[in-house]
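By convention in this document, chain letters (A, B, ...) are assigned in the order of the sequence lines, proteins followed by strands, and residues within each chain are numbered from 1.
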Amino acid sequence: MILFGPRGSRSIGAVLIALAVGAAPALGFAPKLDHGFVSAGVAFARPLDTDLADLYGSGFSPHVALGYVLSPRNRLDARVELWTRTKGLTTPIYAGDAEGRLRLVPISLRTEFALPRVDATQPFVVVGAVALRSEETFHYELLGDAADRSATRWDFGGILGVGVRHRSGRYTIRAALEATVTGGAREVLRGSGRHDAGNDEDRPSLLTLGLGLSTR
Amino acid sequence: MRNLAAMSALGWITLFMTSTAIDVCASSMMLSPEASAKVEPALLRRLAAESRLVVVVAPRVLLAGSGVSLDVDAELSRFAGSLEATHSVDIHGRSGAGLQIEIDAARFAELAEDPSIGWIAEPIAPIPLAESEALEDMRVPEYWGLGGRGAGVRIGVIDVGFSGLTERLGRELPSAVQTRSFYGGATGNGDLSGGGESHGVACAEVVHDVAPEAELYLANVSSEVDLARALDWMLEQNVEVISHSLAWFSGGGDGGGPVNEVVQRAEEEGVLFVTAAGNFATSHWSGPFRDRDADALLEFDSEDDESIALPSVPSGETVSMILTWDRWPLSSDVGFDVELHDATRGRLATSADDFGDSPFAYRVVEAASPGQNAELSIQVRRSRGTAEGVSLRVFRVDGGGRPLGSHRVPSGSLAIPADSPHVLSVGAFRWRADAGAQELEEFSSYGPTGTGLAKPEILGPDAVENSVYGRFSGTSAACPHVAGAAALLLSTPIRGGLYDVRWSLEDLRRILNRGALPLTDGSPSGAAGAGRVRLLVDTVGFTPALRVVENRGRLTIALDGAMSPAASALGLYDIGGRIVGRLELSRRDPFGAEWSTRPPSSLVRGRYWLLEPTSGARASILWLGR
C-alpha cells in the first residue's frame, strides 16, 4: 500500500497518479473501445479514524467510474466518490449552536487483479492510489450572529480492498470492501482562513463497503 | 511513661471537646524537655493552631552520626513500619532522610516522646510565586475549568528587554520559551536583555499567569525596523496573539505612521495585536496649532497661554518631552521645535539642538532638572512653514509619564499603535479585591483618535503582583492580561472532524467586548471602552437579575442566587451616568445578596440604574421618593 506524507509530498502523489493514468497506454494497453466500461454504485462508508467516525458517523457514498479492461484478469478504473455528513458540533459554553459538514471526495486510480474464479463469481483484490479532497464547512452562532467558515485540502494515499464481481452480458455487478487510507492530520483553522497542522492525527481515511454496477 | 499515658488519655478525651482543649493537649507545654528539644521551634508554635499536623520526622539512627554505614532506604522502611504500628500516623512519603507524616495533634506529644525519633520538623514549603491577583476577577480560573488554559496557542510578547528571563523559566514563566532579539538592528541574535531592561519579562509573566499552557514567543526591539522584523518572525512561527506593552510616537495619533503600518500587517495575517493604550492621560496635550499673536509660539488654550507648566522634579533627574504632529511620513511643509524653560534660568534645551530641521514630525527635548525649586515649562515653536490646520501632540515621558502641571488634555492621549484600527487597545483599571472599588487609572490613555475612533476597546487590570516589579502598574500590565484572555478563548475552539476552528479576530473582539463589565466609577466617556476584561463562562444571555425590593423611603436591591463575592457597595447612577448615591451591602448569604440605602430627599423621583460589578447584573429602577 502506498502512503504519502501529509503535506510536502502531496504533489508527489499527484504526479504518481498522473503518471499511472498516462502510463497505461504506453505500457502496451492500446485502448479498444469495447474494453472500456463505465460504472456507478454506492458504498456504505465509515471513517477509519475513530474520532472522525464518532463525530460524523457513517453514511452512503455514491461513486462513478470510467474503466478499462486490460486483460481478463486485470482491469483499471478511475473513480470519483462523494461522502458527505452533517453533524452538530460542540462549542464553548458562551457560543451558540454549531454545525459541521464534512465532504470527502476521493478520486482514485485503481487496478483490480482477479483471483481464481468461484463458479460464475470472480473474486479480486483492488489496489490503487487516491487523491482525497476534503472540505469541512462550519456554521456557528456567536453572540447572536451567524458565521460560516470552511476549509479544503488534498490528502494522498492508497486503496486496498477485496471484492467479488459477477458478469452477466454487458453488465457486471460488483461488491467490494475497501480501505482508503490517506495521510493528513487534524489542523487548526485560524480566523484568517489559514490552516496549519495541529496536534492530533485525525485522518480523512475511509472504510467502504460498496456495491456497483458497470456496463461496457 | 506515666506522663505519656496521661497525655494519651487526655488526647482521646479532648477529641470530644473544643479545639482549644485539643490545643492545650498538643502544646509544647505538655512535652518533656527531651521531646521539646527535638521538635523544630516553629512547629512548636504552630501546634496550638492545628488539630491535624503534617510534619517530617527523621529517625534517630540516621541522625546519630555514629559513623556506621546505614542503608537509608531500609532504615526508613523499618522506621515507617514502626511509626504506623505505634502512632497510627498516615505516611505521605519520604522527605530527604525522613518521612512526611500526618498525625492528629492530640497524638503529637506521644510521637515526640518516641525515642526512635531524632527530629520533627515542618515540611519545607515552596516559596509562593508572584501571580496576578486579578485572575479571579477576570474569571480566568473558571475558564480554565472549561478546559481553556491556552494549550496549542502561541502568544508573542514584543518588548524592549527581557533581562532576568532565564531565572524565571519554569517558575513565573514556562520552562521553555522561544526568543529572538532584534534589538539594535540585530537579526534575531542581539541583546535579549535590551541593555538590562526587564519590562518584557514582567509582561510575559502576566501572559503566563493568565494562559499557563500557551507557548510564549519573546522578541525585543528598539526601532520600527526591529518591530517589523520581530513581527515577521512571529508570523513565521504561527503566533496568534501578540502582546505589545510599548509606546511609540512616530505618528500623528490618527492611526498612521510607520509603526501602524507594521501592526496592520499583523491583522492582515490574522494575528490579534493587543497593545497598551499608554499612560499619558495626565501627561498629554493635543490640539490644533494656533498663534493669534503671530510670534510663532503655539498657544495652548483660548487665553493664548504659550507654555505648559511642568511640576518640578529632583535635581539631576531628566525631564523629557515629545512633540509630534499629523504630518507622516514626511513633514516637508512645516516644522516645529519644543523647548524646555526654567523661569529663572531661561531656556534649558530645545529639540532644535538634536533634530535640526528634520523632515519627520517628531521632536524630543530633554534636560536635567535644575532642582525642586525650578519652575519648568515648555513651549512649542513653529520653525518653518505654514502651520494652519496642523494638529500637534505633546507628551511628557519622563518617569513613565509624569503629569503636566497645566493644559492636560486626557482625551486623544493614546500612544502609538493604540490609535490604530487594526489593534486591540487596552486601558488600565486599578485592580481591587472589592469589585465595586475598581476604577479607571487616571493616567490610562484614551481616544478618540485623530480619525474619531473610540479607544481603548477594553480595560485590563493593573497594580497586580509581579515578580519583576512587586506591583506591576500601568497599561503595560493591563495589556498582557487581555492578550492572555484572548489566548484562552483561542484555546477553546469549535472542534470539527478535521479542523479545530479558532475564533476569528472579529469573533475575539466580540467575545471580549460582551464579557467586559463597565466600570462604575464615572470614568470619562470613552475612556474605559467596553469595560474591564472578563471572560464569558456563562451561557449566552444569562445575566443574573437585580430585583427591586423597595423603592420608596428606602432603596433596597436584591440579587438572588448563590454568588461570591458580592460587591460591598453598588453605585446608583442617573441617566447621564453620574453617580448619585451608593447602596451598601446589607446581606450576603448562600441565597444571594442585598444592598440598601436611604437616599437623600434631594434625590428626585425618576429612573436610575445600578450595576453589580461582580456578577455584571444591572437594573434600571424607578425611585418613588421619600
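The environment of A/D54 atom CG is dense: over 12 non-hydrogen atoms of other residues, nucleotides or ligands sit within 6.0 angstrom.
Between B/P493 and A/P92, the shortest heavy-atom distance links the atoms O-CD, 4.3 Å. Between B/G496 and A/F138, the shortest heavy-atom contact is CA-CE2, 3.7 Å.
In summary, of the residues considered (A/L89, A/D51, A/L55), a side-chain contact (heavy atoms from CB on, under 4.5 Å) with B/R495 occurs for A/D51 alone.
Of all the listed residues (B/L505, B/D507, B/L508), the one sharing the greatest number of non-hydrogen pairs under 4.5 Å with chain A is B/D507.
For A/D145, the parts sitting under 4.5 Å from any heavy atom of chain B are the backbone and the side chain alike. Both the backbone and the side chain of B/L489 come within contact range of chain A, judged by heavy atoms closer than 4.5 Å. With a 4.5 angstrom heavy-atom cutoff, B/I511 touches chain A via backbone and side-chain atoms both. At a 4.5 Å heavy-atom cutoff, the contact between A/A98 and chain B is made by side-chain atoms alone. Interface residue B/E269: backbone and side-chain heavy atoms are both found under 4.5 Å from chain A.
Figure legend: A/R149 and B/Y499 shown without cation-pi pairing, the cationic atom not lying both under 6.0 angstrom from the six-membered ring centre and within 45 degrees of its axis.
Checked by atom type and distance alone, the side chain of A/R186 pairs as donor or acceptor with a backbone atom of B/G497 at under 3.5 Å. Of the possible donor and acceptor atoms, one in the side chain of B/R510 sits under 3.5 Å from a partner among the backbone N and O of A/L142.
Put simply, CG on A/L143 and CG on B/L536 are 6.5 Å apart, with the number rounded to the nearest 0.5 Å. If you take CG on B/L498 and CG on A/D49, they are separated by 8.5 Å, rounding to the nearest 0.5 Å.
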